[in-house]
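Just so it is clear: chains get the letters A, B, ... in the order the sequence lines come, proteins before strands, and each one is counted from 1.
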2 protein chains.
Amino acid sequence: MSERTAAGTDTSTGAGNASPAAVRPTIRMVADLAGVSTATVSYVLSGRGSGSKGPGVKEETTRRVRDAAEELGYRPNQAARAVRTGKTQTVLLSMTMLQDPWSLEVVEAVSAQARSHGLTPLIMADDDWNVALERTQADAVFIDAVKPAQRSALAGLASRGLKLVVFDSTVEPDGFDVVRSDDLRGCRELVDHLLDGWDDVACLGPGASRTDRGRAAAFHSALADRGRTAPENRVADIDGSPESAYAGALKLLTPEDRPRAIYATSDYIAISAVHAAQSLGLVVGKDIAIAGVGNTLAGERLSPALTSVGPRNLLGRVAELMVQLATDQRPVGELHDFPWEVWERASTGKPV
Amino acid sequence: MSERTAAGTDTSTGAGNASPAAVRPTIRMVADLAGVSTATVSYVLSGRGSGSKGPGVKEETTRRVRDAAEELGYRPNQAARAVRTGKTQTVLLSMTMLQDPWSLEVVEAVSAQARSHGLTPLIMADDDWNVALERTQADAVFIDAVKPAQRSALAGLASRGLKLVVFDSTVEPDGFDVVRSDDLRGCRELVDHLLDGWDDVACLGPGASRTDRGRAAAFHSALADRGRTAPENRVADIDGSPESAYAGALKLLTPEDRPRAIYATSDYIAISAVHAAQSLGLVVGKDIAIAGVGNTLAGERLSPALTSVGPRNLLGRVAELMVQLATDQRPVGELHDFPWEVWERASTGKPV
DNA sequence: TTGTAGGCGTTATCAA
DNA sequence: TTGATAACGCCTACAA
């Protein structure tokens with residue numbers, strides 16, 4: 001390309017190579033080959049040549065254009081298209097903790113929805129997104145967490161025309177959308193439910209995160225409100241990794257006088273606990289009740305299905321929101337609150 | 001924007017709102033405000049106004065332009081820039097298994113390098129990348145796996161001008177780069193090394209993947225070549241998850257007559273095994289030797305550091321390659337072979 | 001040292 | 001039903 005052909009004089013030979021060098025065919029070349037104007041090619045190729053919308057193009061012309069495009073291997077230049085239309089056909093997910101399974105569920109949910117609408121989902125893994133988002137031109141951007149120092153940058157990005165969906169409970173809409181989903185009230189509800197049904201409930205977690213610690217606090221305050229405190233052997237702190245969750249669950253469950261129920265501070269921790277219990281020969285939902293937090297897909301799919309607390313279909317609705325924003329089917333700047341509910345499933349005894 | 005202001009007549013008021021609507025400032029507005037031409041703005045803002053390269057712009061003018069840009073909150077339109085220059089300042093990582101920790105290491109390594117060169121790293125999580133890559137305009141693309149059906153599409157993408165780096169050992173360069181790193185020979189070397197030093201070696205793994213099964217096979221063939229076969233209680237199949245690795249390791253290590261060394265089919269499995277051993281009170285590197293495969297950062301950072309086998313700094317070199325390709329500092333179409341070596345560390349007894 | 005002007009590959013508005 | 005042609009925002013010879 002920009003390199004000079006090594007020491008050669010004739011650059012265009014090459015034994016009749018089939019590859020058309022690195023010259024990318026443009027819409028004009030297609031037009032020339034098909035014997036029509038670039039406008040017509042544009043109509044045909046952007047699917048606007050037929051249907052009720054655009055200026056119907058004749059069947060025969062359509063075919064000629066398609067053939068020419070095919071023959072040249074034409075692919076539209078997205079950058080040029082974006083300059084003209086202001087759209088990139090792209091949604092961006094800014095994920096600070098890609099190693100977190102929840103992030104992957106978000107990615108999965110939004111990607112599926114986006115793809116089905118012709119949008120390309122892209123991920124940006126950087127907790128310091130300020131710089132990178134300045135440049136992006138995605139049609140909609142999801143931000144999974146905002147650090148205090150970043151809070152002020154959001155409105156600026158939005159005023160630039162970027163459509164932001166911010167998942168954070170410490171922030172108010174201001175030209176961008178906010179998805180809020182308060183977990184603490186829900187956690188408390190779940191713990192109360194467990195304490196009502198089982199006399200001896202243990203807490204597995206928290207892991208390292210602040211979120212987890214808040215969820216563990218809900219356990220202790222629920223106990224406190226009943227005039228009780230948790231014995232030491234009914235609490236297992238872990239570091240957040242699946243293995244340490246597994247190990248922590250073993251520690252809780254191995255002794256003879258094991259608890260009757262386990263409240264885990266996330267679904268993923270709960271899933272590890274279910275596996276640990278099963279490895280000890282316990283029947284989950286009968287010998288031991290286990291519940292998690294988050295109402296994740298992974299928990300719902302587990303066998304036995306995991307009792308949990310969380311919003312109804314949060315991911316699906318976020319995905320839908322992203323698509324609607326990207327396609328201008330919805331105004332920006334709204335607050336979306338997803339209340340939490342308890343989902344009782346087989347892992348605490350209730351059949352599915 | 002394209003929505004009409006609800007039932008209102010006057011669209012421009014709004015109580016003297018500070019935000020300049022959603023009209024994005026262009027280079028021309030900056031020029032007008034600074035009282036110079038767009039060319040001068042372009043020179044200044046792309047840093048070409050000073051230095052030996054471009055047409056040195058006067059100090060005073062530079063300042064005026066900078067101020068104007070600042071005041072308007074000007075941000076260059078990447079799409080327009082891309083049309084002109086053919087570069088997007090972006091590298092794309094196509095990752096089929098984002099849940100795999102190795103993928104995250106790739107992301108981490110390439111991202112860091114890319115960012116330090118002013119390139120924005122983006123991730124695409126879709127094992128079916130054919131469609132999406134057709135549209136992308138990234139300056140370089142990393143592909144972490146190619147399914148048989150996708151093999152033929154690679155050359156096509158490359159001939160379109162895309163710079164591809166394909167990580168796959170079943171494919172030859174053809175207008176795109178290939179990174180190859182044969183693990184089997186290395187695995188065999190590691191197993192031989194273990195068998196030389198310890199009489200009783202167990203195998204932890206494989207997980208679900210084909211890669212893992214090949215690595216387990218290396219264990220058995222090494223044994224076979226010495227006229228031995230692995231007793232049943234010296235092999236633990238797992239499903240690839242950290243918990244099952246942990247559980248598998250417990251099963252190997254809990255009985256009195258435990259093996260003296262464990263060969264795990266990946267570093268991540270090995271790390272789970274180290275944790276399991278430690279939870280049993282064993283001193284890894286003394287009571288039990290544990291080795292993994294892949295020579296990952298996570299293993300190197302473990303305590304004790306994990307003996308492993310793998311290429312020297314593969315990720316760093318891949319990252320460098322991506323940047324060089326993206327910035328046209330290197331021709332396309334090369335084969336990069338990264339041979340594997342055994343890295344003996346503290347987890348098998350040798351001090352760091 | 002700065003400005004003019006042309007062009008990158010599209011899409012969209014007209015007029016034919 | 002189709003074709004000229006003017007943008008879109010930016011970069012960059014070249015001229016001044």
Side-chain angles (χ1 to χ4, degrees), chain A residues 1-2 22-65 68-69 72-89 135 137 160-161, chain B residues 1-2 22-65 68-69 72-89 135 137 160-161:
Chain A
M1 328 248 225
S2 73
V23 54
R24 236 183 117 170
T26 73
I27 203 174
R28 175 154 301 136
M29 301 184 197
V30 177
D32 288 350
L33 181 59
V36 299
S37 74
T38 62
T40 307
V41 176
S42 180
Y43 288 144
V44 171
L45 261 31
S46 50
R48 220 167 346 142
S50 49
S52 49
K53 291 292 199 194
V57 175
K58 219 199 303 179
E59 177 77 21
E60 146 82 14
T61 319
T62 300
R63 209 180 33 67
R64 276 220 314 281
V65 170
L72 293 175
Y74 168 79
R75 297 286 178 279
N77 180 324
Q78 297 298 328
R81 180 174 283 185
V83 173
R84 203 39 242 245
T85 64
K87 294 275 173 217
T88 58
Q89 308 284 60
R135 319 172 125 197
Q137 308 260 58
R160 231 197 58 199
Chain B
M1 330 245 222
S2 74
V23 54
R24 238 183 115 169
T26 74
I27 202 174
R28 174 155 300 136
M29 301 184 197
V30 177
D32 289 349
L33 181 59
V36 298
S37 76
T38 61
T40 307
V41 176
S42 180
Y43 288 146
V44 172
L45 262 29
S46 47
R48 222 164 342 142
S50 49
S52 50
K53 289 292 198 193
V57 175
K58 218 200 303 178
E59 176 77 22
E60 145 83 13
T61 319
T62 300
R63 208 178 36 65
R64 278 219 314 282
V65 169
L72 292 176
Y74 169 78
R75 297 288 177 281
N77 181 323
Q78 298 298 326
R81 181 173 285 185
V83 173
R84 214 20 255 258
T85 63
K87 293 277 173 214
T88 58
Q89 309 282 59
R135 320 172 124 194
Q137 307 260 59
R160 228 197 61 198

- Base versus backbone protein contacts along nucleotides 9-16 of chain D [heavy-atom cut-off under 4.0 Å; B, S, -]: BBBBBB--
Round to the nearest Å and state the distance from [X] atom [atom1] to [N] atom [atom2].
X	N	atom1	atom2	answer
A/Lys58	D/dT2	NZ	P	5 Å
B/Gln137	C/dT10	CD	C1'	12 Å
A/Lys87	C/dA12	NZ	C1'	17 Å

- Item | Side-chain donor or acceptor of A/Arg24 paired with backbone N/O of A/Pro76 under 3.5 Å | yes
- What residues form a salt bridge (Lys or Arg N to Asp or Glu O under 4.0 Å) with B/Arg81, not counting sequence neighbours?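 Partners of B/Arg81 by the salt bridge (Lys or Arg N to Asp or Glu O under 4.0 Å) criterion come out as none, since no residue qualifies.
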- Taking every heavy atom of B/Ile27 against every heavy atom of B/Tyr74, the minimum-distance pair comes out as N-CE1, 3.5 Å
- Message: Could you walk me through whether A/Arg63 and A/Glu59 satisfy the salt bridge (charged side-chain N to carboxylate O under 4.0 Å, His left out) test, starting with their C-alpha distance in whole Å, then the side-chain angles of each, then the deciding distance to 0.1 Å, before giving a yes or no?
- Response: CA-CA 6 Å; A/Arg63 209 180 33 67; A/Glu59 177 77 21; over 6 Å; no
- Message: Is any side-chain heavy atom of B/Val41 closer than 4.5 Å to one of B/Val36?
- Response: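 Yes, close enough: below the 4.5 Å cut-off.
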